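Read the structure below first, then the notes.
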Amino acid sequence: MPVHTPLPPPTPRAEAAPSPDRLAHPLALVGVAALVSSVVALVTGIPLGALTAVAAANDCSPSEMWCDLGAALLGGAVGAAAAGVAYVTSGVVIVRRCRPAGRRAGYIVAHLAVPVVLIALASLLAGL
């Protein structure tokens, strides 16, 4: 009968601390997260929305203009939803990789506020 010896206790793993030079400034982190997330969102949302619009428009007859409009609106909605999910997900991943566990929430909130602030600024400038 073989004798079982207990395994040694696992060595404690230290949480990988972010390097001090990697996106150390808060605005740099939020800016890079917003820029990369915007690119990911566009690359994801536009093709998915276009494919959805084309697939939905295939069922339309040539005399139904409203059907084509509905397909375009559906494609836009699906593309916007996919872009929103991609923006949030990629931004949160970037922040999680660059900040320790106790200091992420503010950066994530700032990342999520960037599109809201940009839309508000664009609306204000359009009204001038």
Side-chain angles (χ1 to χ4, degrees):
M1 179 179 254
V3 177
H4 295 286
T5 59
L7 294 173
T11 57
R13 286 181 36 186
E15 184 176 331
S19 64
D21 60 339
R22 182 172 57 175
L23 300 175
H25 195 275
L27 290 179
L29 175 62
V30 173
V32 167
L35 181 67
V36 170
S37 298
S38 297
V39 170
V40 170
L42 289 174
V43 168
T44 304
I46 290 174
L48 190 58
L51 287 174
T52 303
V54 168
N58 281 340
D59 293 336
C60 299
S61 67
S63 63
E64 296 176 320
M65 290 180 14
W66 291 108
C67 183
D68 288 332
L69 177 63
L73 291 175
L74 175 66
V78 169
V85 169
Y87 180 85
V88 170
T89 304
S90 58
V92 169
V93 167
I94 290 171
V95 170
R96 286 180 56 96
R97 292 183 58 90
C98 295
R99 290 294 182 260
R103 299 180 49 215
R104 293 177 183 154
Y107 293 102
I108 292 173
V109 169
H111 169 70
L112 296 177
V114 168
V116 175
V117 169
L118 291 178
I119 290 171
L121 283 175
S123 298
L124 287 174
L125 292 175
L128 294 179

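This is a predicted model, so every value here is computed, not measured.
In the hydrophobic clustering of ILVMFWY residues, with side-chain heavy atoms under 4.5 Å counting as a link, Leu51 and Leu74 come out apart. Cluster annotation: Val114 is not connected to Leu121 through the hydrophobic network of ILVMFWY side chains, with a link wherever side-chain heavy atoms come within less than 4.5 Å. No chain of hydrophobic side-chain contacts below 4.5 Å, direct or via other Ile, Leu, Val, Met, Phe, Trp or Tyr residues, connects Ile46 to Val88. Under the 4.5 Å side-chain contact rule for hydrophobic residues, Val78 and Val40 do not share a cluster.
For the atom pair Ile108 CD1 and Leu112 CG, the distance stands at 7.5 Å (nearest 0.5 Å). For the atom pair CG of Asp59 and CG of Asp68, the computed distance is 11.0 Å after rounding to the nearest 0.5 Å.
The two residues Ala57 and Ala71 come nearest to each other via the heavy atoms N-CB, 3.6 Å. In plain terms, the two heavy atoms of Ala41 and Ala83 that are nearest each other are CB-O, 3.3 Å.
Contacts of Ser90 classified as side-chain hydrogen bond (donor to acceptor under 3.5 Å, both in side chains), with partners at least two apart in sequence or in another chain: Ser37.
Arg99 places no side-chain N or O within donor-acceptor distance of the main-chain N or O of Arg104, the cut-off being under 3.5 Å. No donor-acceptor pair under 3.5 Å is formed between the side chain of His111 and the backbone N or O of Leu29.
No side-chain heavy atom of Tyr107 sits under 4.5 Å from any side-chain heavy atom of Ile94. Using a 4.5 Å cut-off on side-chain heavy atoms (C-beta onward), Leu42 and Val39 make no contact.
Identified under the disulfide (SG to SG under 2.5 Å) test for residues 29-66, with sequence neighbours left out: Cys60-Cys67.
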